[in-house]
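One is the number of the first residue; the rest follow in order along the sequence. These numbers come from the heavy atoms of this one structure, side chains and all, not from hydrogens, waters or symmetry mates. Since this is a predicted model, take the numbers as computed values, not measurements.
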Amino acid sequence: MRLEGVELRHISMPLVAPFRTSFGTQTVRELVLLRVVTDEGEGWGECVAMPDPLYSSEYVEGCMDVLRRFLIPALAAAGPLDAHAVAGTLLPFKGHRMAKAALEMGVLDAELRAAGRSFGQELGATRDRVPCGVSVGIMDSVPALLDAVGGYLDEGYVRIKLKIEPGWDVEPVRAVRERFGDEVLLQVDANTAYTLADAEHLARLDPFDLLLIEQPLEEEDVLGHADLAKLIGTPVCLDESITSAQSAVAAIRLGACAIVNIKPGRVGGYLEAVRIHDACVEAGVAVWCGGMLETGLGRAANVALAALPGFTLPGDTSGSGRYYRADVTDPFVLDDGHLTVPTGPGLGVAPLPDALAEVTTATEWVPV
Ligand code: SMG
Ligand code: MG
């Protein structure tokens, strides 16, 4: 299979409701999609970076720059395409994992479509559907939060994740527990908003029997998480800090996390995500699939990944309607709290031309 070029498609999709985290508020999802064109057909990649480097150091325009300037030319120069060789080919370029992941995803999709194999088969999925959680943003008031959570529970979501930050943590958690009971699977995500000096405060979450607290401290503070884990009862889960299988193994050995959030974009691709899964299974550490407000393309691949046996906790793999009024693919719709793993070749879904055109703000052809 030979690379003929890559189309970078900048898209902008309004969210059904603003999504507020400790680092900002999103009302629109802007991202770049990659159409990887080969002599044997095409494949789609989705780059999960946001327009601003607030979740992590990557951002949309930066990803487009590194793709067109370094990553795509290097891949083209490496000879015949092989999805399993993409990461190695791109290794000389430091970082830029979200951009690399998007390119690898597009190549993998093209390869699997041509071979008639699905992402689920390729990654090692062992289930045909996955249980779904939902990530609930910071709200203006506790009543507004309770309305939102109640709505999601009515829709069938099997796990609730509350975004937290200093000033919005113990009270919203208490309110959700009081209203919806102890049976609801509940967890929180701080997106690095605390410091170790907040340990005593975070221990006030202990009585609420949370599944986990996700990334309370800054990305590079792995030892801080290990210290924090000894001071609070809630299991610590890492998101931003885990950028590879190597960093996952190190964090686990240091006692910095008891659970790992796996996001393929953050770790450089779906193949590295599988290696993290394998390492965590080996270490006896539970994993779950994170989310980056993906379109139906990224969602298809995430749902396939979440169907691997070590994904024992529900993921942020929500239905399309939680984010978008109109997805770029046929929508993913919850069925009894689950999403079905696509079985068609490659991602098993493709963009709907009209829906894609509707949200496209710029298209750039990168020839090779
Ligand atoms: O895709 O449902 C989703 C979003 C899940 O909370 C989510 N993602 O830190 O885990 C996380 C955040 C990162 C993106 S926030 C804009
Ligand atoms: Mg997170």
Item to check | Closest heavy-atom pair and its distance - Gly346, Asp109 | outcome: CA-OD1, 3.3 Å

Checklist outcome for this item: Closest heavy-atom pair, Pro131 versus Thr317, reported as atoms and distance to 0.1 Å, is O-OG1, 4.0 Å

Checklist entry - With no hydrogens and no angle check, is any side-chain donor or acceptor of Thr361 less than 3.5 Å from a backbone partner on His10? => result yes

Checklist entry - Side chain of Arg29, backbone of Ile11: donor and acceptor closer than 3.5 Å? => result no

Item to check | Rounded distance [0.5 Å steps], OG in Ser318 versus CG in Leu293 | outcome: 9.5 Å

Next on the checklist: For Phe23, is there any backbone N or O sitting under 3.5 Å from a side-chain donor or acceptor partner on Tyr55?
Outcome noted: no

Checklist entry - Is atom CD of Glu358 surrounded by more than 12 heavy atoms (other residues, nucleotides or ligands) closer than 6.0 Å? => result no

Next on the checklist: Quick one, Arg299 with Thr329, criterion side chain to side chain contact (heavy atoms under 4.5 Å, CB included). Give me CA distance, side-chain angles, the key distance, then yes/no.
Outcome noted: CA-CA 10 Å; Arg299 192 161 311 283; Thr329 62; over 6 Å; no

Item to check | Side-chain (Asp327) to main-chain (Gly296) donor-acceptor, under 3.5 angstrom | outcome: yes

Next on the checklist: To the closest 0.5 Å, what do you measure between CD1 (Ile232) and NE2 (His225)?
Outcome noted: 9.0 Å

Checklist entry - Under 6.0 Å from the six-membered ring centre of Phe19 and within 45° of its axis: does the NZ or CZ of Arg322 meet both? => result yes

Next on the checklist: If I take atom CZ from residue Arg129 and atom CG from residue Leu334, how far apart are they, to the nearest 0.5 angstrom?
Outcome noted: 10.0 Å

Checklist entry - Which is it for Ile164 and Ile138 under the side chain to side chain contact (heavy atoms under 4.5 Å, CB included) test, yes or no, and what are the steps along the way? => result CA-CA 7 Å; Ile164 59 168; Ile138 294 165; over 6 Å; no

Next on the checklist: Measuring only between side-chain heavy atoms, which start at C-beta, is Phe332 closer than 4.5 Å to Glu294?
Outcome noted: no

Checklist outcome for this item: Correct closest heavy-atom pair for Val267 and Arg97 would be C-CD, 3.9 Å

Checklist outcome for this item: Residue set satisfying ring-ring contact (aromatic ring centres under 6.0 Å, His included) with His277, at least two apart, ordered chain then number -> Phe311

Checklist entry - Does NZ or CZ of Arg20 come closer than 6.0 Å to the centre of the six-membered ring of Trp168, within 45° of the ring's axis? => result no

Checklist entry - In Å and rounded to the nearest 0.5 Å, what is the CG to CE distance from Leu103 to Met98? => result 15.5 Å

Checklist entry - Say you draw a straight line from CG of Leu186 to CG of Asp209; how long is it, rounded to the nearest 0.5 Å? => result 9.0 Å

Checklist entry - Who passes side-chain hydrogen bond (donor to acceptor under 3.5 Å, both in side chains) against Glu42, sequence neighbours left out? => result Arg35

Item to check | Residue pair Ser241, Gln215: steps toward the side chain to side chain contact (heavy atoms under 4.5 Å, CB included) verdict | outcome: CA-CA 8 Å; Ser241 295; Gln215 199 71 39; 2.9 Å; yes

Next on the checklist: With a sphere of 6.0 Å drawn around CD of Glu171, does it hold more than 12 non-hydrogen atoms of other residues, nucleotides or ligands?
Outcome noted: yes

Next on the checklist: With a sphere of 6.0 Å drawn around CG of Asp140, does it hold more than 12 non-hydrogen atoms of other residues, nucleotides or ligands?
Outcome noted: no

Checklist entry - Can you name the nearest heavy-atom pair linking Val60 to Leu31, along with the distance? => result CG2-CA, 4.2 Å

Checklist entry - Arg113 versus Trp44: any side-chain heavy-atom pair under 4.5 Å? => result yes

Next on the checklist: So for atom CZ, which belongs to Arg69, do other residues, nucleotides or ligands contribute more than 12 heavy atoms lying within a distance under 6.0 Å?
Outcome noted: no

Checklist entry - Any donor and acceptor pair, going by atom type alone, linking the side chain of Arg275 with main-chain N or O of Ala245 inside 3.5 Å? => result no

Next on the checklist: Among Asp169, Asp316, Asp189, exactly one meets salt bridge (charged side-chain N to carboxylate O under 4.0 Å, His left out) together with Lys163. Which residue is that?
Outcome noted: Asp189

Checklist entry - Considering residues, nucleotides and ligands other than Glu4, do more than 12 of their heavy atoms fall under 6.0 Å from its CD? => result yes

Checklist entry - Hey, does the side chain of Glu40 reach the backbone of Ala114 with a donor-acceptor pair shorter than 3.5 angstrom? => result no

Next on the checklist: I'd like to know whether Cys280 forms a side chain to side chain contact (heavy atoms under 4.5 Å, CB included) with Ile252, so could you lay out the CA-CA distance, the side-chain angles of the two residues, the decisive distance to 0.1 Å, and finally the verdict.
Outcome noted: CA-CA 8 Å; Cys280 288; Ile252 292 166; 3.9 Å; yes

Next on the checklist: I'd like to know whether OH of Tyr59 has more than 12 heavy-atom contacts from other residues, nucleotides or ligands below 6.0 angstrom.
Outcome noted: no

Next on the checklist: Looking at Thr295, is its backbone amide N or carbonyl O close enough to the side chain of Glu46 to form a donor-acceptor pair, meaning the two atoms are under 3.5 Å apart?
Outcome noted: yes

